[in-house]
Amino acid sequence: MGTAFEVALIYDLKPNLSPQIVDTLNYLTRSQDYDFDAAIEHPFFEIEFGEEWRNIIANHHPRTGEEDSAQTHRSSLDRNQLCFRVLLDDDTFFNIGFAFLDWLALLSSTQGLVGYYIDVFQFDCHLIYFRNEQSIERSSNRASIPADLMQRIDTRLGGSSLVSLTT
């Protein structure tokens, strides 16, 4: 039996991102479909795992388990800040999740803790840090997710964690 991962990030974007990158971020956080060709060169966009990159954080494409969430949005791009909290099945997470985090780290002006991911069945938790344009993860426990990080994500996305953090 597979598992799923809740993945959540909130961070500030570099102020000098190219229009192509901004267009790509707008597409990734869209609320409805439209034609878009990815022309960015990065392994995340080149992984042969279907078109999964197109819907990884799209608002109009909830995944199994997200339907009953109190959260009103899966992602938000506003005022040079990107925020998302999504459930990813284990195939998606392991095939493109880390490449996605690596690409996002290149766009970040935030250094330090930016998010977390949790195995929703085993409750294994990892904190995600961006440092020097790299994504770094550290094994942790759910109780060590800072309350202010959770609150900032909850506020931006209009709801609470998809996973019960008190179980």
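All figures in this text were calculated on a predicted structure; none of them were measured in a lab.
Residues forming a side-chain contact (heavy atoms from CB on, under 4.5 Å) with Gln32 (at least two apart in sequence, or on another chain): none. Residues forming a salt bridge (Lys or Arg N to Asp or Glu O under 4.0 Å) with Arg138 (at least two apart in sequence, or on another chain): none. In this view, Tyr11 satisfies the side-chain hydrogen bond (donor to acceptor under 3.5 Å, both in side chains) rule with no residue, not counting sequence neighbours. The side-chain contact (heavy atoms from CB on, under 4.5 Å) search around Glu52 returns Phe49, Arg63, Thr92, Ile96, not counting sequence neighbours. Residues passing the ring pair (Phe, Tyr, Trp, His ring centres under 6.0 Å) test with Phe44, sequence neighbours excluded: Phe100. Under the side-chain contact (heavy atoms from CB on, under 4.5 Å) criterion, Glu133 pairs with Lys14, Leu106, not counting sequence neighbours. Arg152 pairs by the side-chain hydrogen bond (donor to acceptor under 3.5 Å, both in side chains) definition with nothing, not counting sequence neighbours. With sequence neighbours excluded, the residues forming a side-chain contact (heavy atoms from CB on, under 4.5 Å) with Gln151 are Thr155, listed by chain and number. Partners of Phe45 under the ring pair (Phe, Tyr, Trp, His ring centres under 6.0 Å) rule, at least two apart in sequence or in another chain, are Trp53, Trp103. With sequence neighbours excluded, the residues that form a side-chain hydrogen bond (donor to acceptor under 3.5 Å, both in side chains) with Ser76 are Arg156.
Looking only at atom types and distance, the side chain of Asp12 has no donor-acceptor partner in the side chain of Ser109 under 3.5 Å away.
The environment of CD in Gln134 is sparse: at most 12 heavy-atom neighbours from other residues, nucleotides or ligands sit within 6.0 Å.
Within the structure, salt bridge (Lys or Arg N to Asp or Glu O under 4.0 Å) pairs that include any residue of residues 21-36 comprise Arg30-Asp33 (at least two apart or interchain). Under the salt bridge (Lys or Arg N to Asp or Glu O under 4.0 Å) criterion, no residue pair touches residues 97-114, with sequence neighbours excluded.
The only option from Tyr117, Tyr129, Tyr116 that meets the side-chain hydrogen bond (donor to acceptor under 3.5 Å, both in side chains) definition with Glu137 turns out to be Tyr117. Partner of Cys83 under the side-chain contact (heavy atoms from CB on, under 4.5 Å) criterion, chosen from Asp154, Val114, Ile153: Ile153.
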